[in-house]
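Below: the structure, in structure tokens.
Throughout, a chain's letter reflects where its sequence line sits, starting with A, and its residues are numbered from 1.
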2 protein chains.
Amino acid sequence: MDEINEVLRKAPLFEALGEEDTAALRSSVNEVRLGRGQTLFGEGDEGDRLYVILSGKVKLTRTAVDGRENLLSVLGPSEMFGELSLFDPRPRTASVVAVTDSVLAGLGHDDLRPFLSSRPHVSLQLLKALAERLRRTNDVMADLVFTDVPGRVAKALLELADKFGKESDDGLHVHHDLTQEELAQLVGASRETVNKALAEFALRGWLRIEAKAVVLLDVERMRRRAR
Amino acid sequence: MDEINEVLRKAPLFEALGEEDTAALRSSVNEVRLGRGQTLFGEGDEGDRLYVILSGKVKLTRTAVDGRENLLSVLGPSEMFGELSLFDPRPRTASVVAVTDSVLAGLGHDDLRPFLSSRPHVSLQLLKALAERLRRTNDVMADLVFTDVPGRVAKALLELADKFGKESDDGLHVHHDLTQEELAQLVGASRETVNKALAEFALRGWLRIEAKAVVLLDVERMRRRAR
DNA sequence: AACCGGGTGCGACATACGTCACACTGTTGG
DNA sequence: CCAACAGTGTGACGTATGTCGCACCCGGTT
């Protein structure tokens, strides 16, 4: 279980804590295991826990009234979610579904609040993380308005590469574990258009398409296409 | 100058502070006056101040490489901006321009930080505010993907109505002070399309168009159109 | 092996919206 | 009081992208 300690330490929320604080928290952590496709909680559910991903990937999704889905983000190891409800106790605004088999660490809000009050660092860290997210979200919004679908796909792939990419001799492997449908929901486009964009990129030799993954061959051109 | 005190009190950041804390802060506040169209700071500028609007309206905008503008939000009295740079000292990510003659209260970050460290309430309040904004931003993003331009216009008008609307016997007056061009940038559409959407709404008797304002006549139908 | 379902590839068609063009109106300032 | 200009109203046209339809491919199940 030292594994847990190590991943927790990397999570932005906890890197500000010392040995003993981390240890104190550890006791109130519970572990959750999810299989691919399994949902942790749904939009509208009540919930007062915060989660850190120990291994695997999850997606945060929102569902429109007519059933269409929108993918807010894909999170990997040491990333955190569910923290918004720490501050105002409203129902969850997104669903969380495992994209691969995953292990999560869950923390009750009540166990966390003492740390917020007594350790200013922790609040500051959280504020920083939220500010970061806010900037990023604004970027994504601007892209939705100004960039066409191929551009958004390129950008999304590059971001996924930052998170999950593994450099190897035949290119930058990005095993995102998403279907093209999910990719489409992530960039706010239809499955077909995303498919065509990917095909176009492959045709030009900028990437190779694999099952639930892409191999980036010409990152520079992808970058240029993204803007 | 008691005016300042009163508006500051309503700002989310300060409503958690007591008499003396507010008084202590007052001394480090500086007042800024802007005329319509004047810009307070631009995207990319350095800056370590946070502002609260005492009177007037300002817009937060981002400019794409090709010069097209995107309007993040329109803020009115007692609303706050520039707080993101409190936590990470990066350059500003949006420009701020006065939409009407405005008076702002500016606060240096250095004057604020002591309060963050010593008053957990304040951090929590800020966290709450940021969480709120994050949720809202996600909503807007979903709209950009799922809702057509007329729908987004309707939604934007309803939100502006919440902030700036004044009920009167001939309808809900929303004096937003925006040109149709600015409205268009706010909903992520072209000026012309927004114009046509407005004309359509007016034709149906749902609203009346005035200079830099609209009068909502049938809020219920507007709500339905928005989703 | 045959089958099946989920995921993919791709063409035909419809359409919402951006772009362009131009005319009109109201406001500001010389 | 007229010029100049910013803001508005509206049509014609092109196009990116959504929708529909269908064929294919692959991994697991019977």
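Axis angle between the ends of the helix from C:dA1-D:dT30 to C:dG30-D:dC1, five pairs each and rounded to 10 degrees, works out to 30°.
By the 4.0 Å N-to-carboxylate-O rule, A:E159 lies too far from A:K163 to be salt-bridged with it. Between A:E31 and A:R33, at least one side-chain N (NZ, or NE/NH1/NH2) sits under 4.0 Å from a carboxylate O, which counts as a salt bridge. Between A:D66 and B:R227 no salt bridge is recorded (no basic side-chain N to carboxylate O distance below 4.0 Å). At a threshold of 4.0 Å, the pair A:D177-A:R36 does not count as salt-bridged, since none of the basic side-chain nitrogens sits closer than that to a carboxylate oxygen. A salt bridge does not link A:E132 with A:R136: none of the charged nitrogens is closer than 4.0 Å to a carboxylate oxygen.
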Heavy atoms under 4.0 Å is the rule here; annotate nucleotides 13-30 of chain C 5' to 3' with B where the base is hit, S where only the sugar-phosphate is, and - elsewhere. ----SSBB----------
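If you measure from atom CZ of B:R36 to atom P of D:dA6, you get 13 Å, rounded to the nearest angstrom. As a whole-Å value, the separation of B:F146 CZ from D:dG18 C1' is 13 Å. Counting to the nearest Å, the C1' atom of C:dG6 and the CD atom of A:E182 are 12 Å from each other. Counting to the nearest Å, the P atom of D:dT10 and the CD atom of B:E200 are 11 Å from each other. Taking atom CG on A:L183 and atom P on C:dG7, their separation rounds to 13 Å, with Å as the unit. Remark: C1' of D:dT8 and NE2 of B:H176 are 13 Å apart, rounded to the nearest angstrom. Taking atom CG of B:L198 as the reference point, atom P of D:dT10 lies 11 Å away to the nearest angstrom. For the pair A:K212 NZ and C:dT8 C1', the computed distance is 12 Å after rounding to whole Å.
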Could you walk me through whether B:R135 and A:R90 pass side-chain contact (heavy atoms from CB on, under 4.5 Å), step by step? CA-CA 11 Å; B:R135 290 195 211 245; A:R90 289 202 255 167; 4.0 Å; yes
Determine whether B:K59 and B:E182 satisfy the following criterion, salt bridge (charged side-chain N to carboxylate O under 4.0 Å, His left out), listing intermediate values before the conclusion. CA-CA 9 Å; B:K59 58 177 178 180; B:E182 288 169 321; 2.7 Å; yes
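Here B:Q180 does not reach the OP1 or OP2 of D:dA6: none of its side-chain N or O atoms lies under 4.0 Å away. Within the structure, every side-chain polar atom (N or O) of B:N195 is placed at least 4.0 Å from both OP1 and OP2 of D:dT8.
The closest side-chain donor-acceptor pair between B:Q185 and B:N70, if any, does not fall under 3.5 angstrom.
When the options A:R68, A:R62, A:E69 are evaluated for a side chain to side chain contact (heavy atoms under 4.5 Å, CB included) with B:F146, the one that passes is A:R68.
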